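What you see is a predicted model, and the numbers here were worked out from it, not measured in a lab.
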Amino acid sequence: MLMIDYNKLSWWYWLATACLLTAGVLGYLPGFPLAIALTVIQLIHYLLREKNLAAFPIQVRAWYLALLLVAFPEPLQLLYWLPTIGTWALVLVGYCGMARFVSLLPWNRRQPLSTTLLRKTFLSRPVRGSIQEAFPHASQSQDMQS
């Protein structure tokens with residue numbers, strides 16, 4: 001089921017990022033620093049909007065930026081396939097692995113980490129809106145796509 005949401009600015013941010021990462025993994029190396037720059041812009045935009053470093057959309061974007069920066073050195077650039085595939089999954093079907101990962105961080109969940117929780121978090125269907133609201137283990141915050 002497609003979850004293309006062209007009415008949301010966040011969807012456009014993620015689409016542009018997915019395109020830049022795709023260009024990078026296909027050999028256009030400036031795609032990587034451009035994707036990093038766009039992610040920084042997106043992070044600043046959401047920081048100004050949320051005015052709270054602990055807000056879920058900020059956390060997701062900050063961890064996403066960290067992943068892009070870790071993969072930036074040339075020997076690690078193979079890692080860019082992970083956010084490239086993941087970002088396309090978000091843009092096309094609404095599945096955000098990073099938001100699911102961030103929802104499991106200790107300050108974002110109410111129950112102990114378990115294999116059942118991991119399975120439910122990563123293997124459940126994509127949701128519209130907040131992963132935080134969709135799963136009872138999550139604290140009440142806004143979604144990365146807000």
Side-chain angles (χ1 to χ4, degrees), residues 1-109 113 115 117-135 137-146:
M1 136 169 112
L2 292 178
M3 284 197 201
I4 296 171
D5 201 351
Y6 58 85
N7 292 319
K8 285 188 164 184
L9 177 59
S10 61
W11 184 85
W12 289 101
Y13 274 133
W14 293 120
L15 175 64
T17 305
C19 291
L20 290 168
L21 289 173
T22 300
V25 298
L26 294 178
Y28 181 70
L29 296 183
F32 298 139
L34 289 171
I36 290 169
L38 180 57
T39 302
V40 168
I41 290 167
Q42 184 178 180
L43 180 58
I44 291 168
H45 172 225
Y46 278 82
L47 276 167
L48 292 172
R49 189 183 93 170
E50 298 294 328
K51 296 178 179 57
N52 179 1
L53 286 172
F56 194 69
I58 304 305
Q59 291 183 58
V60 172
R61 286 163 175 84
W63 283 104
Y64 186 87
L65 177 60
L67 176 58
L68 296 183
L69 291 171
V70 164
F72 189 69
E74 206 241 310
L76 298 176
Q77 288 185 352
L78 188 62
L79 291 175
Y80 275 122
W81 280 99
L82 184 63
T84 301
I85 293 167
T87 307
W88 279 114
L90 171 62
V91 167
L92 296 175
V93 298
Y95 183 94
C96 183
M98 183 61 76
R100 289 165 189 256
F101 166 77
V102 171
S103 77
L104 293 172
L105 294 173
W107 53 87
N108 289 330
R109 63 182 157 83
L113 199 56
T115 55
L117 180 60
L118 289 171
R119 205 170 24 255
K120 180 179 180 181
T121 300
F122 288 106
L123 300 180
S124 62
R125 297 177 60 156
V127 297
R128 272 210 194 272
S130 176
I131 193 80
Q132 291 281 16
E133 295 166 7
F135 296 137
H137 74 270
S139 63
Q140 295 300 314
S141 298
Q142 287 184 325
D143 181 41
M144 105 177 244
Q145 297 177 22
S146 301

Within this structure, what is the [atom1]-[atom2] distance for the pair [X] and [Y], rounded to the nearest 0.5 Å?
| X | Y | atom1 | atom2 | result |
| --- | --- | --- | --- | --- |
| Gln42 | Trp12 | CD | CH2 | 14.0 Å |
| Ile36 | Leu38 | CD1 | CG | 11.0 Å |
| Lys51 | Ile58 | NZ | CD1 | 10.5 Å |
| Leu67 | Thr87 | CG | OG1 | 8.5 Å |
| Leu118 | Phe101 | CG | CZ | 11.0 Å |
| Leu15 | Ile4 | CG | CD1 | 9.0 Å |

Notebook entry, point to check: Knowing that exactly one of Leu65, Val60, Leu48 qualifies, which makes a side chain to side chain contact (heavy atoms under 4.5 Å, CB included) with Leu43?
Noted result: Leu65
Next item on the list: Kindly indicate, with the supporting measurements, whether the criterion side-chain contact (heavy atoms from CB on, under 4.5 Å) is fulfilled by Phe56 and Glu50.
Entry: CA-CA 9 Å; Phe56 194 69; Glu50 298 294 328; over 6 Å; no
Notebook entry, point to check: By side chain to side chain donor-acceptor pair (under 3.5 Å), which residues pair with Tyr13, not counting sequence neighbours?
Noted result: His45
Margin query: I'd like to check the side chain to side chain donor-acceptor pair (under 3.5 Å) partners of Thr17; sequence neighbours left out, ordered by chain and number.
Written below: none
Quick one: closest heavy-atom pair of [X] and [Y], and the distance?
| X | Y | result |
| --- | --- | --- |
| Ser10 | Tyr46 | CB-OH, 3.0 Å |
| Thr121 | Ser103 | CG2-OG, 3.9 Å |
| Leu104 | Phe122 | CD1-CE1, 3.3 Å |
| Pro33 | Phe72 | CD-CE1, 3.9 Å |
| Leu117 | Arg109 | CD2-CD, 4.1 Å |
| Ala71 | Leu79 | CB-CB, 3.8 Å |

Notebook entry, point to check: Which residue pairs pass the side chain to side chain donor-acceptor pair (under 3.5 Å) test when at least one of the two sits in residues 66-81, sequence neighbours left out?
Noted result: none
Notebook entry, point to check: What pairs meet the side chain to side chain donor-acceptor pair (under 3.5 Å) rule with one or both residues in residues 21-34, with sequence neighbours excluded?
Noted result: Thr22-Trp88
Item checked: Note, Leu21 side chain near Phe32 side chain (heavy atom, < 4.5 Å) -> yes
Notebook entry, point to check: Checking Asn108 side chain against Val102 main chain: does a donor-acceptor pair fall under 3.5 Å?
Noted result: yes
